[in-house]
Amino acid sequence: MYELLRSVLLDPFAIMNSVGLVAFALVGAAKAIREEFDLFGITVVGLVTAFVGGATRDVLVGRIPLALSSMGEITLGMVGVSLAVALHLVLESPDDHPITVVSDAIGLAAFTTAGAIVAVETGVSSFGVVAIATINAVGGGAFADILLDRSPFILVTDFYASCAVLGGTTYWLLAVAFGAGSVAAALCAAVTVGTRLYAVRFG
Amino acid sequence: MYELLRSVLLDPFAIMNSVGLVAFALVGAAKAIREEFDLFGITVVGLVTAFVGGATRDVLVGRIPLALSSMGEITLGMVGVSLAVALHLVLESPDDHPITVVSDAIGLAAFTTAGAIVAVETGVSSFGVVAIATINAVGGGAFADILLDRSPFILVTDFYASCAVLGGTTYWLLAVAFGAGSVAAALCAAVTVGTRLYAVRFG
Amino acid sequence: MYELLRSVLLDPFAIMNSVGLVAFALVGAAKAIREEFDLFGITVVGLVTAFVGGATRDVLVGRIPLALSSMGEITLGMVGVSLAVALHLVLESPDDHPITVVSDAIGLAAFTTAGAIVAVETGVSSFGVVAIATINAVGGGAFADILLDRSPFILVTDFYASCAVLGGTTYWLLAVAFGAGSVAAALCAAVTVGTRLYAVRFG
């Protein structure tokens, strides 16, 4: 257990991926709670929001999705869903509560970074790095919107996907200039979450 | 021919996959007939409903989709489309006829089992087995709904995907306890089709 | 540079793929301009329309999408987006201008051919060749429609996907009879663009 925790803390991908899974499962489940789905529906929307971006990333780079092979992913996803249900018991409407809005920005930043790390490791083009980072970050929410028959295009028009593009570009530039690693990951996440929270506050 | 038939009958995946292809092509084509599509549209919706779940399963486990490499798949898909057209010539509205409703439950069960078999062979996690079984079962119908601009979410809320989750869980438990094989496959299919028909009758 | 150009001109896939990328990025961007998106939205819809069909083809045959690994793809996609913006500055409504309508037919034909070439090289079934050619040709436009929350099914009902099916079948027949190559590619593209323009003119 201690060893596991230690290896996660030294691995930027594992940190970012774990944070993103909890945050996006919470956000997706909160959205389903507002739609008054039953517990099965809440769980499905939460897990879809958490898993589809990373699964698409893995398929694009030719891997079996982590969410299907690692029990850690489903555990973290269920933590996020449980947090949303717990929030719902305490708060009136978890969907637009600041906790959910901040979770969404954190998830966006964490998954942008996780996607950029995998893309740079795989050795795709600069555009490929930005594209995979953005797909990892936006794919889950977009797919949940499609399932719910909403247009996911608000993710493009609402300065949401743009934050992932900025973060992914930051990671790629730093990886080229100084090498991939924890510093590039931290700055990528900071740019993404910073621009997103700025857009939410002043956009 | 005899050899082929014999090998299919001894292979639970081949049986389940064949049954699912015919059943879901029939269901998809019947849906397109109700929408008054032309024959090309009927064929496309039928084949999409039959193929997309299994193709997604294959992509997730890193294989080229069977539907693209095996002529058996397209043959069975066309059998299902032809059955729907034949039913339409005999019956008023094939879409909600008991034959179509039962076909849908049978297809759901058969594809849940086919997906669970492939997932256990591939060696994914327990969650991965249930997820792939459910995606195999629900993916084709959901994708057809997205093409037709309907919300596929009724598949989650209407005790439809839940039956595949129960069947996939059954298969995984039996595979762990007694080993994968025909018995696990038969029970997985029975649980899925039984819970689905119960839901249609009493839900 | 000269060597690069020469190798492209001798490679039917490279020609068809390049033409399709510029044409479909133009068509997608023109559609986004009509929706009054900002420049980021126009670029996303243009690139999605240009890239998603080929990326799906590559995932289905087990490759990392070219659009993620080759800088040529993004360059050609940006040329198409820029052409749409330039057209918009000159013309009132680039979306239904003859240039856009013809570009769409040319893109359809070029991507049908590119998909058929890859499918025959991969060694899928005859149905697989037609299916991959059609997915390559129609996938980008269909995905853009899903993002914009429109039904992509008009692509099936409006004698659009049918043209790709005819072209893909032509390529497969010629590849079996005389071998894959430039002649099969040219005739596949001619059948697709011819039937499509005929449908637009007289349909």
Side-chain angles (χ1 to χ4, degrees), chain B residues 21 25 28-29 31-81 122 139-140 142-153, chain C residues 52 55-65 115-116 118-139 141-166 168-169 172 176 195-196 199 203:
Chain B
L21 288 168
K31 201 187 284 183
I33 287 169
R34 193 179 57 178
E35 301 267 341
E36 304 190 343
F37 287 162
D38 61 12
L39 196 57
F40 181 67
I42 293 168
T43 307
V44 170
V45 179
L47 296 182
V48 159
T49 308
F51 291 162
V52 166
T56 308
R57 172 203 68 212
D58 287 336
V59 165
L60 288 173
V61 303
R63 297 184 187 174
I64 294 183
L66 262 183
L68 299 177
S69 48
S70 146
M71 284 307 286
E73 302 254 320
I74 176 69
T75 308
L76 292 165
M78 291 310 295
V79 167
V81 170
T122 308
F143 192 74
D145 282 346
I146 291 171
L147 282 187
L148 299 169
D149 203 17
R150 298 179 187 174
S151 172
F153 212 75
Chain C
V52 167
T56 308
R57 172 203 68 213
D58 287 336
V59 165
L60 288 173
V61 304
R63 298 184 186 174
I64 295 184
V118 170
V120 166
E121 275 171 9
T122 307
V124 296
S125 69
S126 57
F127 171 72
V129 172
V130 177
I132 290 175
T134 307
I135 290 167
N136 197 153
V138 176
F143 191 74
D145 282 346
I146 291 171
L147 282 186
L148 298 169
D149 202 16
R150 297 178 188 175
S151 171
F153 212 75
I154 192 169
L155 302 176
V156 173
T157 51
D158 194 29
F159 208 72
Y160 186 86
S162 316
C163 306
V165 168
L166 291 175
T169 306
W172 179 76
V176 168
T195 51
R196 178 60 191 155

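What you see below is based on every heavy atom in this structure, not just the backbone, and it leaves out hydrogens, waters and symmetry mates. Chain identifiers are assigned alphabetically (A, B, ...) following the order of the sequence lines, protein sequences preceding nucleic acid strands; residue numbering begins at 1 within each chain.
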Region of Ala161(C) that comes under 4.5 Å of a non-hydrogen atom in chain B =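 Contact with chain B is through both the backbone and side chain of Ala161(C).
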query = Between the main-chain N or O of Ser162(C) and the side-chain N or O of Arg196(C), is there a donor-acceptor pair closer than 3.5 Å?
reply = no
task = List for me each residue that meets side chain to side chain donor-acceptor pair (under 3.5 Å) alongside Glu35(B), sequence neighbours excluded, and say none if there are none.
result =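 Partners of Glu35(B) by the side chain to side chain donor-acceptor pair (under 3.5 Å) criterion, ordered by chain and then number, come out as Arg150(B).
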query = Roughly how far apart are Phe143(C) CZ and Leu148(C) CG, rounded to 0.5 Å?
reply = 10.5 Å
query = Atom OG of Ser70(B) and atom CD1 of Ile64(B): how far apart are they, to the nearest 0.5 Å?
reply =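 Here the interatomic distance stands at 13.0 Å.
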task = Take atom CZ of Phe37(B) as the centre, draw a 6.0 Å sphere, and report whether it contains more than 12 heavy atoms from other residues, nucleotides or ligands.
result =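 For Phe37(B), atom CZ is crowded (more than 12 foreign heavy atoms under 6.0 Å).
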request  = Please determine, among Val61(C), Val165(C), Val59(C), the option with the most heavy-atom pairs under 4.5 Å with chain B.
outcome  = Val61(C)
request  = Flag the one option from Ile132(C), Val124(C), Thr122(C), Leu60(C) with the top tally of heavy-atom pairs under 4.5 Å to chain B.
outcome  = Leu60(C)
ask   = What pairs meet the side-chain hydrogen bond (donor to acceptor under 3.5 Å, both in side chains) rule with one or both residues in residues 36-53 of chain B, with sequence neighbours excluded?
value = none
key: Heavy-atom contacts under 4.5 Å, residues 71-81 of chain B to chain C   = Met71(B), Ile74(B)
key: Asp58(B): salt bridge (Lys or Arg N to Asp or Glu O under 4.0 Å) partners, not counting sequence neighbours   =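 Once residues adjacent in sequence are excluded, Asp58(B) has no partner under the salt bridge (Lys or Arg N to Asp or Glu O under 4.0 Å) criterion.
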